[in-house]
2 protein chains.
Amino acid sequence: MKNSSAERSQDQDTWPPAQNKRQAILNAAADIFAEEGFAGASIDAIAVRAGVSRQTIYNQLGDKDNLFKVVVTEITERSTAGFFRVLDTFPVAPQDLEKELTEFSARLLRKAMCDPNGRWLRKLVETEGTRFPKLFETWKEYGPGKKYPAVAARLAQLALAGYLDLDDPALAARQYMALLGADLRIDQQLGRQTPESEIDQMAANATRTFLRAFARRH
Amino acid sequence: MKNSSAERSQDQDTWPPAQNKRQAILNAAADIFAEEGFAGASIDAIAVRAGVSRQTIYNQLGDKDNLFKVVVTEITERSTAGFFRVLDTFPVAPQDLEKELTEFSARLLRKAMCDPNGRWLRKLVETEGTRFPKLFETWKEYGPGKKYPAVAARLAQLALAGYLDLDDPALAARQYMALLGADLRIDQQLGRQTPESEIDQMAANATRTFLRAFARRH
DNA sequence: AATATTTTGGACACAATTGTCCAATTCGTC
DNA sequence: GACGAATTGGACAATTGTGTCCAAAATATT
């Protein structure tokens, strides 16, 4: 938990110095907001974790509301970008459907659903959604609003190609995602961070059940 | 949202007057904690919503930490009690499996997963789990720790009776619950409260997919 | 090496909140 | 109607957090 900022950061040394500190602030803010919620997060705590003076935060990012806004916006962008990057590897014309869909599921779990950005966002949406209505309208638009239809489209493609037997691709997409997230959510609720080693098993379980329900039978 | 305490309350008039106010406080506290998080919830706000003076809260329930503890404990008890009450109606020897399992799923959705208590708890666990470790250990013990095995046991019973084809009842239980919660979660994340009229459809969808995957074929 | 920019830390006013005390008041009960 | 208990509202100190100002120090730029 203390190094989740490290997971979120990327080659800081190559950035201009100002941006470097800015990133440190945003990462620290993301952590603290996630841990304490909006009301519980103090600017001082963020400053300490970022290794920066409190004044620098006000200089670079203005007041608390704006800091929160910037953080959410950045994480949203990274998160959805990551999701669609994985979605581009969806097996549209697989030779071994179960094998390739399982591998895809594992990628999705690892890079989109497990990753700290996405989890952090989901948590914040649940807690602060009512406080920043405008902010979360755009999140909804770019989050579930775009993700589920995109998954549904891929599944419909598989159905059309004769791999699957679907009468409602949108429903299938929701159920596929739900199956993928089944074990993940339980771990999260139990405060347990899913070990890397179990992800393949989770992907296999979800995919197997999904295909048992929807794979075209010959 | 303003009347979610009403949903949680039950025939207050029949209670002794002191307990009556106590319940009003607990209901209001549940709402405010859920909306604002622990840090963001002010005793004053709770007092106002409960229609009670701030002092009365301190008289009856002590400080903020204890108030929170009592609220979580009460909701936990109500929530798990409700869950197991529904679970007792599980169709162990159904004539029409899909029909009866669908009806059971609808009951579970309505009375256990949709209900404000459960949702409130899940939210609080995500946000304040780290702040009250002991409290949430007991929650985990009586929440997921007991619910999933109980569901697994019922499914195993169905499998043994020849209705289902399961090699891992525990996994099947997690997936069944995940399928049930699929649409629910999306609604929640979108800040949309699931309309009563859609619950039957959600139960039917989840049950149908579950049985497509696990019903024994003849 | 000189200059411009950013960062720092400390001081400050202001607002919100917690938890306590207490006298006045309301309420249920006899 | 009178008694006792609970409730109320207001005042209070202590704490915490926000956001600003500013001069000194560190850092980048030329």
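Chain letters run A, B, ... following the sequence lines, proteins first, then strands; residues in each count from 1.
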Should we count OH of A:Y142 as having more than 12 external heavy atoms under 6.0 Å?
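No - once you tally the heavy atoms of other residues, nucleotides and ligands closer than 6.0 Å, there are 12 at most.
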Looking at [atom1] of [X] and [atom2] of [Y], how far apart are the two atoms once the value is rounded to the nearest 0.5 Å?
{"X": "B:W139", "Y": "B:T80", "atom1": "CH2", "atom2": "OG1", "result": "11.0 Å"}
{"X": "B:L166", "Y": "B:Y176", "atom1": "CG", "atom2": "OH", "result": "13.0 Å"}
{"X": "A:R22", "Y": "A:N20", "atom1": "CZ", "atom2": "CG", "result": "12.5 Å"}
{"X": "B:R49", "Y": "B:D31", "atom1": "CZ", "atom2": "CG", "result": "5.0 Å"}

When every nucleotide of nucleotides 12-20 of chain C is labelled 5' to 3' by its protein contacts under 4.0 Å (heavy atoms), B for base, S for sugar-phosphate only, - for none, what sequence of letters results?
------BBB
Do B:T56 and B:S53 have side-chain atoms, one donor and one acceptor, less than 3.5 Å apart?
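There is such a pair between these side chains.
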Go through the side-chain N and O atoms of A:T127 and B:T127 and say whether any donor and acceptor fall under 3.5 Å apart.
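There is no such pair (donor and acceptor under 3.5 Å, judged by atom type) between the side chains of A:T127 and B:T127.
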Calculate the interatomic distance between [X] atom [atom1] and [N] atom [atom2]; express it in whole Å.
{"X": "A:N66", "N": "D:dT18", "atom1": "CG", "atom2": "C1'", "answer": "15 Å"}
{"X": "A:L67", "N": "D:dG17", "atom1": "CG", "atom2": "C1'", "answer": "15 Å"}
{"X": "A:I57", "N": "D:dT20", "atom1": "CD1", "atom2": "C1'", "answer": "15 Å"}
{"X": "A:R22", "N": "C:dT6", "atom1": "CZ", "atom2": "P", "answer": "13 Å"}
{"X": "A:N20", "N": "C:dT6", "atom1": "CG", "atom2": "P", "answer": "15 Å"}
{"X": "B:L61", "N": "D:dT7", "atom1": "CG", "atom2": "C1'", "answer": "14 Å"}

Please collect all salt bridge (Lys or Arg N to Asp or Glu O under 4.0 Å) contacts where either partner lies in residues 199-209 of chain A, sequence neighbours excluded, each pair once.
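Of all non-adjacent pairs touching residues 199-209 of chain A, those that pass salt bridge (Lys or Arg N to Asp or Glu O under 4.0 Å) are A:R110-A:D200, A:R208-B:D167.
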Are [X] and [N] close enough that a side-chain N or O sits under 4.0 Å from OP1 or OP2?
{"X": "B:K21", "N": "D:dT8", "value": "yes"}
{"X": "B:T56", "N": "D:dT8", "value": "yes"}
{"X": "B:Q60", "N": "D:dT7", "value": "yes"}

Specify the angle, to 10°, made by the local axes at the two ends of the helix from C:dA1-D:dT30 to C:dC30-D:dG1 when five pairs are taken at each end.
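Axis-to-axis angle, ends of the helix: 40°.
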Checking side chain to side chain contact (heavy atoms under 4.5 Å, CB included) against B:F68, which of B:V71, B:N66, B:V70, B:V72 comes through?
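So the option named by the test is B:V72.
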